[in-house]
Amino acid sequence: MSFPADRPRRLRQSPAMRRLVSETHVEPSQLVLPLFVAEGLSEPRPISSMPGVVQHTRESARKAYSEAASLGLGGVMLFGIPEHKDAVGSGSLDPNGILNVALQDARAEVGEDLVIMSDLCLDEFTDHGHCGVLDATGRVDNDATLEIYAQMGVVQAASGAQVVGPSGMMDGQVAAVREALDAAGHSDTVILAYAAKYASAFYGPFREAVDSSLQGDRKTYQQDPANGREAVREALLDVAEGADIVMVKPALSYLDLIADVRAAVDVPVAAYNVSGELAMVEAAAANGWIDRERAIDEVLLSIRRAGADIVLTYWAAEVAARLNR
């Protein structure tokens, strides 16, 4: 009988051996925690479709910033939920608006001990729920939206954001924000570009999280899930416009594109482990169909293995606490 000369199982025979040869690692510093801060709440409000995730009050959010810093997370990404919306999302530009005061709170709470990131988009602030202002025909007006994005970037940087995340998938959004930041003296502010953001079914729970008032869909500006080469094109355009980091969103259904973008650019690559991906794991685990912690760890490992340097995930604090133990 001929026995195999190559025996890969030798390197799997014990936990210690598997740790020694592990190719991919997840560290707290690679994880970013998205946080929702809502105006007018007296206590945190659970998000039913996202078990374990809440809309924060300003006070409870402060505790979350402090915890994130103590856990050694890479950062937090803040989303603001206003009480009042209008057609042009004017609350996004108000220095006293919920997102901007949350940024001020975060900077006051953690100083330089945590990277404070800010979602730069209009969808939470518009009464129609789109990521930009609408023209007379009801379509999103790309260039009019860029003017607002540029102002948002400056207000967010002045409020304490070290990183701004243009996420609306408007053509030219990175260049518009970069030019405005530099002109206002915020040349050190980092741009994390949502470079390849797809019109995905996996955003469903997020709509509850931000009290979305979306009418219609976003298929005219977010990417078609059928297109892969386009993701690389979008990422390269954003890098050329001044993006410091580029992101693929969602993560799990687009692992191939995380790998493609990683191979195409020489800036850090982020990926967003989105609300629907969390909801699927939590629902299956609640029914006893999968091992929750192992599934979470496998999800995050897969995103890192695909090439993401940074992972935005609602499980960031939980996973970091386990890793620190």
Side-chain angles (χ1 to χ4, degrees), residues 26-47 50-83 91-92 94-121 124-125 152-153 155-165 167 186 188-192 194 206 209-211 244-245 247 268 270 272-275 278 300 310-325:
V26 175
E27 301 292 343
S29 61
Q30 299 161 340
L31 305 179
V32 172
L33 177 64
L35 290 170
F36 305 103
V37 187
E39 190 172 31
L41 294 185
S42 58
E43 59 184 23
R45 176 189 294 154
I47 300 166
M50 299 175 67
V53 183
V54 301
Q55 292 179 346
H56 281 282
T57 67
R58 288 179 63 185
E59 186 57 39
S60 68
R62 289 188 184 96
K63 296 176 183 176
Y65 311 144
S66 180
E67 179 189 32
S70 68
L71 289 169
L73 292 183
V76 290
M77 173 66 80
L78 302 191
F79 297 84
I81 305 166
E83 286 187 291
S92 66
D94 182 356
N96 296 312
I98 184 60
L99 178 55
N100 297 317
V101 296
L103 290 168
Q104 295 165 32
D105 292 342
R107 180 58 51 229
E109 186 70 28
V110 298
E112 299 296 321
D113 293 337
L114 183 70
V115 177
I116 304 301
M117 305 180 180
S118 182
D119 179 63
L120 198 165
C121 196
E124 294 102 87
F125 298 94
M152 287 178 70
V155 173
Q156 291 178 1
S159 298
Q162 295 163 302
V163 179
V164 295
S167 62
H186 298 294
D188 288 339
T189 302
V190 170
I191 294 180
L192 187 166
Y194 286 61
F206 183 90
V210 298
D211 295 340
D244 302 286
I245 305 169
M247 184 152 70
Y272 201 138
N273 176 209
V274 299
S275 60
L278 170 138
L300 299 183
I310 301 163
V311 182
L312 280 72
T313 177
Y314 301 100
W315 292 309
E318 173 190 339
V319 171
R322 281 200 281 113
L323 291 171
N324 289 335
R325 287 199 298 269

- Task: Assess whether side-chain contact (heavy atoms from CB on, under 4.5 Å) is satisfied between Leu31 and Leu33, documenting all intermediate values.
- Result: CA-CA 7 Å; Leu31 305 179; Leu33 177 64; over 6 Å; no

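- How far CG of Leu103 is from CE of Met117: 12.0 Å, rounded to the nearest 0.5 Å.
- Nearest heavy atoms, Glu109 versus Ser66: OE2-CB, 3.9 Å.
- Taking Tyr272 as the reference, Tyr314 meet the side-chain hydrogen bond (donor to acceptor under 3.5 Å, both in side chains) condition, with sequence neighbours excluded.
- Looking at residues two or more places apart in sequence or on another chain, you find a salt bridge (charged side-chain N to carboxylate O under 4.0 Å, His left out) between Arg58 and Asp105.
- Counting only heavy atoms from C-beta outward, the side chains of Asn100 and Gln156 approach each other to under 4.5 Å.
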What side-chain donor-acceptor pairs closer than 3.5 Å can you find for residues 315-325, not counting sequence neighbours?
| unit_1 | atom_1 | unit_2 | atom_2 | d |
| --- | --- | --- | --- | --- |
| Trp315 | NE1 | Glu282 | OE2 | 2.9 |
| Glu318 | OE1 | Arg292 | NH2 | 2.8 |
| Glu318 | OE2 | Arg292 | NH1 | 2.7 |
| Arg322 | NH1 | Asp297 | OD1 | 3.3 |
| Arg322 | NH1 | Asp297 | OD2 | 3.1 |
| Arg322 | NH2 | Asp297 | OD1 | 2.9 |
| Asn324 | ND2 | Leu71 | O | 3.1 |
| Asn324 | ND2 | Ala320 | O | 3.2 |

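- With rounding to the nearest 0.5 angstrom, the CD1 atom of Ile191 is 12.0 Å from the NE2 atom of His186.
- In this structure, the side chains of Asp94 and Phe125 stay at 4.5 Å or more apart for every pair of heavy atoms.
- Of all heavy-atom pairs between Ser118 and Leu99, the closest is OG-CD2, 3.7 Å.
- Summarising the geometry of Cys121 relative to Met152, their closest heavy-atom pair is O-CE, 3.3 Å, with the distance given to 0.1 Å.
- Here the straight-line distance linking atom CD of Glu59 with atom CG of Leu41 works out to 13.0 Å at 0.5 Å rounding.
- The minimum heavy-atom distance linking Pro268 with Ile310 is given by the pair CB-CD1, 4.4 Å.
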- How far apart are the C-alpha atoms of Val32 and Leu73, what are their side-chain angles, what is the distance that settles it, and do they pass the side-chain contact (heavy atoms from CB on, under 4.5 Å) test? CA-CA 6 Å; Val32 172; Leu73 292 183; over 6 Å; no

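- Residues passing the side-chain hydrogen bond (donor to acceptor under 3.5 Å, both in side chains) test with Asp119, sequence neighbours excluded: Ser167.
- Looking at residues two or more places apart in sequence or on another chain, you find a ring-ring contact (aromatic ring centres under 6.0 Å, His included) between Phe79 and Phe36, Phe206.
- Within the model, atoms CD1 of Ile116 and CG of Asp113 stand 9.5 Å from one another, a figure rounded to the nearest 0.5 Å.
- Between Leu114 and Gly75, the shortest heavy-atom distance links the atoms CD1-CA, 3.7 Å.
- Partners of Asp244 according to the salt bridge (charged side-chain N to carboxylate O under 4.0 Å, His left out) rule, which considers only residues two or more places apart in sequence or in another chain, are Arg178.
- Minimum heavy-atom separation, Ala68 to Val76: CB-CG1, 3.8 Å.
- In this structure, CD in Glu112 is found 5.0 Å from CD in Gln162, a value given to the nearest 0.5 Å.
- Rounding to the nearest 0.5 angstrom, the gap separating the CG atom in Leu278 from the CD1 atom in Ile47 is 10.0 Å.
- Here the side chain of Ser60 pairs no donor or acceptor atom with the backbone of His56 at under 3.5 angstrom.
- By the 4.5 Å heavy-atom criterion applied to side chains, Met247 and Leu312 are counted as neighbours.
- Put simply, the side chain of Val37 reaches to within 4.5 Å of the side chain of Ile98, judged on heavy atoms.
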